[in-house]
Structure formats: C-alpha cells, structure tokens
Protein chains: 2
Amino acid sequence: MCSSTPRNSRTGRPRSTEADTAILEATRAALVDLGWSKLTMGDVAGRAGVAKTTLYRRWANKNELVVDAVAVLFDELELPDLGSLQADIEHVVLQFAALLERPETKTALMAVVAESTRDAPLRERIRASIVDRQKRLVLAGRRRAQQRGELPADRDPVAVDATDDLIFDVIAGAVVHRALVSAEPVDGEWVARLSALLVGGLGAVAALG
Amino acid sequence: MCSSTPRNSRTGRPRSTEADTAILEATRAALVDLGWSKLTMGDVAGRAGVAKTTLYRRWANKNELVVDAVAVLFDELELPDLGSLQADIEHVVLQFAALLERPETKTALMAVVAESTRDAPLRERIRASIVDRQKRLVLAGRRRAQQRGELPADRDPVAVDATDDLIFDVIAGAVVHRALVSAEPVDGEWVARLSALLVGGLGAVAALG
DNA sequence: GAGTTACGCTACGACCTGTAGCGAAAGGCT
DNA sequence: AGCCTTTCGCTACAGGTCGTAGCGTAACTC
C-alpha cells in the first residue's frame, strides 16, 4: 500500500495505522477542497494531524499518495446480476459515472494518469490498484453473459482476451470522456445508448474471430 | 488565441508575432524534454529567448499556455474519403492514436483536462480549441456514410445529435484510455475490432429512435 | 534494560510563482 | 520630426512549496 518498504522487521516502533488512514482521509478531503493542483503535502499533514516528515516516510511524492487515497473508492464498484448483459452494463456504467462525479476522483484520476505518462512506477501502481480492479468487472460480466447464452462460448482465447481489453477501454474510456472532457451528464438515456451500441456491436466483433 | 485581451488598439508597439510562435514552440519542446509537471514558465521563456514577463502578458498561467501550444497539433487530423464508414473510422482512429503517441500531447492532454475540472474558463478553452475540432470529424463521417447509404437518413434530429455525441465520446475515449491508461498500442488489430464494434452497434443504437 | 524504529518538531536551501518598476524599443498620429 | 501609446527585456522581490537533515522523544521487541 505504501511506497517505501515497511521493512518487515519486527523490532522497533511500528508504524501507526491510524496515521495511515488519517493521511488518506485527509488527502481525499484536501482533494475535495483544493483540487489536485493546489493540494500540498504540508496541507495534508496538517489536516491529518501528522508531521510532514511522516508523509514522506510513507510516500515518495504527491502522485503516489493520491493514487492510494483514491484507489479505495474504486472498491465500491460491484456487478450484481440483473438478468441481462445490457442491464449489467448499464448498472456498472452508472456506478462508474457516479464515482467520477465525486470531486475527489474527478480532479485526481486524470491528473495521476497524466503524470504516469512519464513515471513507469506510478503507471504500474495505478494499474495494480485502480485499473485492474475495474477490469475484473468486464471479465465477470462476459462470463455471466456466456452462462446465460447471450454470448457464444470461448473459441480462440487470444481473441477473447483482445475483446475483453477492447470492451474495457471502450466502456471506461467513453464514460471518462463523457464526464470529464465533454463535461456532460452520464444519464440514463446516454447509458442506454452506450449499452445498446456495445451489445449490438459485440456480435460483429465476435465474427472477426 | 492568447489569454489576455490583445486590446485592438492600433496605437503603441504591436505584439511580436515571432515571440508568439517562439513561445508556443518552446512550450512544446519543454513538454517533450520535461513533461507537464516539471515544465516551468521560466524555462519556457528561456527556450523562447523571451522575458518571463512577456509570457504572463499573453497567458495567465501554465494551463492556458499549454492548451494553446498543443491545440495546433490537432489541426493535423483529417478525414479523407476511403470509400466505407469502417475504413474512414479506422483511418481517423489511427491518426488520433499517432497524435497521442507524441510526447507533447501524451503528457499535456490529460493534465489540462484534469485541471479543467476545477477551472471553467480553461474547460471552455479546451472545448473550443481541441474538442470541437475533433468532433467535426464525427459529424463529417456520419454525413458521408449517409450519402453512401451505409446509414439511414436523419429522422429525429435530437436523437442524431445524441448519437453523434455518443460516437465521439466512445471513439475518443476508447483511444485515449487504450493509449494512456491501459498503455497498450493502438495497432491495426485493435482498431479493426473497435471499428467493427462501432459499425455493428450503430444499427442497434439507431433502432432506439 | 538494550536495541531499533517511528514520531513530531524545527530549520533549511532550492526552486517556482506572479508581480512591480525601470529604461528602451517600436509602432501610430499630427 | 515630435508625441503618445504599448510592448519589450531586465532585475528584484515576497510568498509559497518541496524534500531533507537533525534532534529529542515515544513505542515496541528481545
């Protein structure tokens, strides 16, 4: 979770887990109040009731701290079985959109992704703690649709992986773009169109082999 | 183009257009060398052979400067008639992906979008100088496909607008997400799948009315 | 108790921001 | 030509942030 190796030594004073949670909570609060660019390490330390040096013992910089602070929010995403592929898609898209509407994620997600274009460790951290967690929803949704008979069983595993990747990038990308770039609401109507596009297009993609 | 009102007064010393181009060029060079976060106004001024105060007379801050510096790159996008909707889509997607591969845009685009979540004027600037220019390609591609008979003629203009918006967010969002978040190549195979998904799904979306 | 590690605190140099003031340069106007 | 206006480069500056170092103290293990 933290950046520096917590040094599994059993000797010495242990790190305060209360400080951990207080710092992450303070980081989210600072994101809400100040946004990404005006958030400072000193401010977070003050909100958390913690010395600034304590932050730097755990996280190397602002980027990694914010990734950890925001990552837990993505654990809220779930994929309940609503009976049809289209209903499952619409539900998870609305969940994801609601998450992006929160001011913490809104200002932080794009910023850390932008930073990650020049920071490979940060990119890996984002992938492990945010991206992969979302991707599991795509895999689960596909398997469930296959069990229902809405989608054909797997033939070429390589093609299946490629299609999973595609669907993930399309859903996540479209929602992020709609919410943050176009800055227009992800409402029921838009989601219905998106899911119709996906369900209708999946057959054509499967035909590629 | 510039942030401050250039004061259309014809009296006084005119602003140096050479300085304008030198600054924007220096900004792109600095983005390549330093990336978004380490780019400073002083560094750009030095590269451009211009005083730092000259930058602040034209742009209020780093965000607006970078938007203008990157915006011109999006003018390169074109939509030649390749004979079919799918071919047109694939071509423009590959063009867009090539643009996102450039280090200037890669590091800058997401950063300014992240900043725009808390800065309405910046968001409007991005929309006018970057987003709308891309959106025209979607409108042109749809009209051309309708002329070919690949898509039905317009019936409900509201639904047409909504579908245009959807397609735009799906294409741009998916490419950005693939290139910057998933950090995997936008190659011919991926593009073929994406365009197949779109062409196959458009019929289902049109059926919604 | 001895050893080890984390903590809070202070101080610090380095850097970036954005502005102010100055004299000089480059145009338009009469 | 001379005057007016605006921009230019330059320097200096206050304010804020970064990330680190050093210190004494607190907490936990053996």
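Below, read A as the first sequence line, B as the second, and so on, with proteins coming before strands; counting in each chain starts at 1.
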| query | Using a cut-off of less than 4.0 Å, is there contact between a side-chain N or O of A/Arg10 and OP1 or OP2 of C/dG3? | reply | no
| Does A/Arg57 have a side-chain nitrogen or oxygen under 4.0 Å from the phosphate oxygens OP1 or OP2 of D/dA21? |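 Checking A/Arg57 against D/dA21: no side-chain N or O falls below 4.0 Å of OP1 or OP2.
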| Where is the tightest heavy-atom contact between A/Val186 and A/Leu94, given as atom of each residue plus distance? |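 Smallest interatomic distance, heavy atoms only, reads O-CD2, 3.8 Å.
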| said: Given C/dT17, D/dG9, D/dT20, identify the nucleotide with an atom nearest to the side chain of A/Tyr56. | reply: D/dT20
| query | Picking from C/dT17, C/dG8, D/dT20, which would you name as closest to the side chain of B/Thr40? | reply | C/dT17
What integer distance in Å separates [X]:[atom1] from [N]:[atom2]?
X       : N      : atom1 : atom2 : value
B/Glu18 : D/dT7  : CD    : C1'   : 14 Å
B/Leu34 : C/dC16 : CG    : C1'   : 13 Å
B/Trp36 : C/dC16 : CH2   : C1'   : 14 Å
A/Leu55 : D/dT17 : CG    : P     : 14 Å
A/Arg15 : C/dT4  : CZ    : C1'   : 14 Å
A/Lys62 : D/dC18 : NZ    : P     : 7 Å

| said: Would you say that B/Val72 contacts B/Arg28 through its side chain, given a criterion of any heavy-atom pair below 4.5 Å between the two side chains? | reply: yes
| request: For side-chain hydrogen bond (donor to acceptor under 3.5 Å, both in side chains), just list the numbers for B/Gln146 and B/Arg142, CA-CA rounded to whole Å, side-chain angles, deciding distance to a tenth of an Å, and then say yes or no. | output: CA-CA 6 Å; B/Gln146 286 175 324; B/Arg142 190 219 347 126; 3.3 Å; yes
Spell out yes or no: do the side chain of [X] and the base of [N] have one donor N/O and one acceptor N/O closer than 3.5 Å?
X       : N      : result
B/Arg13 : D/dT6  : no
A/Lys52 : D/dG19 : yes
B/Thr53 : D/dC10 : yes

| field | Earlier contact from the 5' end, DNA chain C, for A/Ser16 and B/Gly12 | value | A/Ser16
| remark: Judged by nearest nucleotide, the residue sitting upstream toward the 5' end of DNA chain C, A/Ala51 or B/Lys38, is A/Ala51
| Rounded to the nearest 0.5 Å, how far apart are CD of B/Glu189 and CG of A/Leu208? |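 The CG atom of A/Leu208 is 9.0 Å from CD of B/Glu189, to the nearest 0.5 Å.
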| message | Closer than 4.0 angstrom, basic N to acidic O: yes or no for B/Asp43 and B/Arg47? | response | yes
